[in-house]
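Just follow the structure's listing: the first ligand is 1, and inside any ligand the first atom is 1.
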Amino acid sequence: MAEPHGEGPCEVELPQIDLGASAVFLDFDGTLVDIADTPSGVLVPDDLPKLLTSLSEQTDGRLCIVTGRPVEDVSRFLGGFEGHVIGSHGAEERVGSEMWRHDLAGSDVVSRLGDMAEAFAATHSGLVAERKPTGVVLHFRQVPEQEPDVYAFLHALEQSHQEFDLHHSKMAYELRPKGISKDASIKRLMESEAFNGRRPIFFGDDVTDEPALHWVSSQADGIAVKVGPGDTAAGFRVPDTQAARTALKIWAGLEAEAGV
Ligand SMILES: [Mg+2]
């Protein structure tokens, strides 16, 4: 299976940080939990909700999950965590009881794209189509040899749907609304009154996280942490999701749970 590989220059030892002066942004799949064969198959460690709640409290609410999953979907895996969530790469955002969605959320065009992707997956064994409120994903994790076909299919849809862009992520291609990205969402939040002046910290594992890792590391004097192998613009790296959780537990003062 052709995962991106290469280590790149990165510090492994994470610095001490002051959560009270920080804003913490965390990707979910491949960062806090291991990636599974299907999006619904991820296993969530029992102590993850406690960790997230502790980080949220110690940052005075400046903890934000930043995921490609829809907010409603990722919430099922967060064990009642009620903090800030940016979903669908930024096309959805939940703050407290408030929920914002991109204008294309739930639109007829998104529904048609979902129908077409499901029909394509139905005739290509091993592909998984995932409908999102603001787009669609085709996962080829179980059949990596089908990547060129998936690309060609979704590229054609991108050409005929000007309001969408095609993105590559781990073993998947995704159509989502133009201008929507994790880095744009993080930049916007960091300019908001609530987050301005905080030092951004971002953990991510995927190529879709790289623009945000680059911005946090080089433009915002923040701490960008790449989880796992692969070339990266991040200044720091941890080897896997367990190491990412351990680093966060140490910062949160939950060393007992971190086993150190
Ligand atoms: Mg990820």
request  = Using modelled atom types only, decide if a donor and an acceptor are shared between the side chain of Glu158 and the backbone of Leu166 within a distance under 3.5 Å.
outcome  =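 Looks like yes, one N/O pair under 3.5 Å.
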key: Side-chain H-bond candidate by donor/acceptor type, Ser75 with Arg94, under 3.5 Å   =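 Present: a donor and an acceptor within the cut-off.
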Donor on one side chain, acceptor on other, Glu93 and His84, under 3.5 Å =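 Yes, because at least one side-chain N or O of Glu93 sits under 3.5 Å from a partner of the opposite role on His84.
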Taking only distance into account, with no hydrogens and no angle test, what donor-acceptor pairs under 3.5 Å do side-chain atoms of residues 66-74 form with protein atoms, sequence neighbours excluded?
from	atom 1	to	atom 2	distance (Å)
Thr67	OG1	Arg69	N	2.9
Arg69	NE	Asp29	OD1	2.7
Arg69	NE	Asp29	OD2	3.4
Arg69	NH1	Pro39	O	3.0
Arg69	NH1	Asp73	OD2	3.0
Arg69	NH2	Asp29	OD2	2.7
Arg69	NH2	Pro39	O	2.6
Asp73	OD1	Arg76	NH2	2.6

Distance below 2.8 Å from the Mg ion (ligand 1): protein N/O/S atoms =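 Those protein N, O or S atoms (cut-off: under 2.8 Å from the Mg ion (ligand 1)) are Asp27 OD2, Asp29 O, Asp205 OD1.
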message = Contact between Leu138 and Gln146 at the side-chain level, heavy atoms closer than 4.5 Å - yes or no?
response =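 They are not in side-chain contact.
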ask   = Do Lys182 and Asp27 meet the salt-bridge criterion of a basic N to acidic O distance under 4.0 Å?
value =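 Here Asp27 pairs with Lys182 in a salt bridge, since their nearest N and O are under 4.0 Å apart.
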